[in-house]
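Comments concern the structure below.
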Amino acid sequence: MSLRMSAKKGEAIELPIVRSIADLRSAIALRRAAGESIGLVPTMGALHEGHLALVRASCSGMDCTVATVLVNPLQFSPDEDFESYPRNEAGDAAMLSEAGADLLYAPAIEEIYPEGFSTKVEVTGLTDVLCGAFRPVHFSGVATVVTKLFLQALPDAAFFGEKDYQQVLVVRRLVRDLDIPIHIEMVPTVREADGLALSSRNAYLTAEERAVAPKLYATLNEMAMAIRKGNAIAETIAIGEAALREAGFRSIDYLDVRDPETLARVEVSGRPARIFAAVHLGKARLIDNLAIPG
Ligand code: AMP
């Protein structure tokens with residue numbers, strides 16, 4: 001049971017957990033009837049302060065915050081970590097309660113993908129590059145589950161993290177293209193004191209790998225400063241790749257400078273641009289991205 005204190009009365013409140021679409025809709029209907037706005041925070045659980053920043057952003061703007069926890073099989077390739085992905089519902093519920101969420105939606109996989117499920121949501125173009133080029137089923141899995149969660153909860157706004165910047169663009173495109181009237185809010189990346197972006201997959205790192213991991217963000221910062229100073233982008237990427245290999249990253253899926261809206265490659269400095277990286281370290285695949293200041 002997850003308890004938090006009522007701000008008004010100082011009494012313990014249990015975070016309600018719903019597991020079916022019908023119960024989710026009933027709980028939200030009660031809030032709607034009371035005139036409340038609804039914020040949705042989709043997650044795969046194993047929560048950390050990055051996820052809680054989304055919950056807090058929702059709580060600060062919306063009357064009712066619904067967090068979802070579902071390890072979504074559709075967004076994992078067969079060779080990826082679906083089975084071993086960390087799961088801790090009790091811990092997640094306690095953290096959500098503490099952060100101020102009003103409801104946890106934690107459906108079983110069969111509730112979301114019943115026998116015979118055969119529909120996919122596919123956002124083209126934006127998903128051809130970066131993570132989409134290395135994780136072929138990933139974004140269609142994300143787009144499909146996010147569309148379902150949106151239609152199940154019908155929130156006013158949904159909150160996503162800047163750490164998964166490409167995902168935010170994909171979700172913004174799908175709500176625009178499918179005329180889904182939900183505002184998509186992007187929340188800044190939460191980092192450890194040494195710069196490593198918080199991620200549920202950081203749990204895969206050994207102590208030695210954990211010491212190497214912050215060099216990813218440090219390298220992105222150095223690259224951003226070099227490009228801002230006018231250094232050539234191609235050369236800066238080559239230097240960045242060499243720095244990552246030297247630091248001990250096992251392999252680099254991509255290290256790229258791209259347009260923040262279209263994700264097209266940016267080849268000359270002075271334009272709006274963002275650096276995107278995905279690297280492997282031990283069993284973990286780490287991603288990060290950073291705006292190049294104008
Ligand atoms: P996940 O559970 O990894 O699917 O992430 C759920 C949501 O939390 C996504 O919108 C992520 O972008 C967001 N998120 C994950 N890590 C962070 C972080 N370090 N800072 C901000 N948001 C994050």
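Just so you know, ligand 1 is whichever comes first in the structure, and atom 1 is the first atom listed for that ligand.
A donor-acceptor pair is defined here as one N or O able to donate and one able to accept, closer than 3.5 Å; such a pair exists between the side chain of Thr43 and the backbone of Thr68.
Each of Pro42, Thr43, Met44, His48, Gly50, His51, Leu54, Tyr85, Phe160, Gly161, Lys163, Asp164, Gln167, Pro188, Thr189, Val190, Leu198 has a non-hydrogen atom positioned under 4.0 Å from some atom of ligand 1.
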What side-chain donor-acceptor pairs closer than 3.5 Å can you find for residues 151-164, not counting sequence neighbours?
from: Gln152; atom 1: OE1; to: Tyr105; atom 2: OH; distance (Å): 2.8
from: Asp156; atom 1: OD1; to: Arg32; atom 2: NH1; distance (Å): 3.4
from: Asp156; atom 1: OD2; to: Arg32; atom 2: NH1; distance (Å): 2.9
from: Asp156; atom 1: OD2; to: Arg32; atom 2: NH2; distance (Å): 3.2
from: Asp156; atom 1: OD2; to: Ile38; atom 2: N; distance (Å): 2.7
from: Glu162; atom 1: OE1; to: Thr189; atom 2: N; distance (Å): 3.0
from: Glu162; atom 1: OE2; to: Arg274; atom 2: NH2; distance (Å): 2.5

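Classification of Arg191 and Asp288 as a salt-bridged pair holds, one side-chain N sitting under 4.0 Å from a carboxylate O.
Under the salt bridge (charged side-chain N to carboxylate O under 4.0 Å, His left out) criterion, Asp81 pairs with Arg201, sequence neighbours left out. Every residue was checked against the salt bridge (charged side-chain N to carboxylate O under 4.0 Å, His left out) condition with Glu209, not counting sequence neighbours, and none meets it.
For the pair Lys215 and Leu244, the minimum side-chain heavy-atom distance is 4.5 Å or more.
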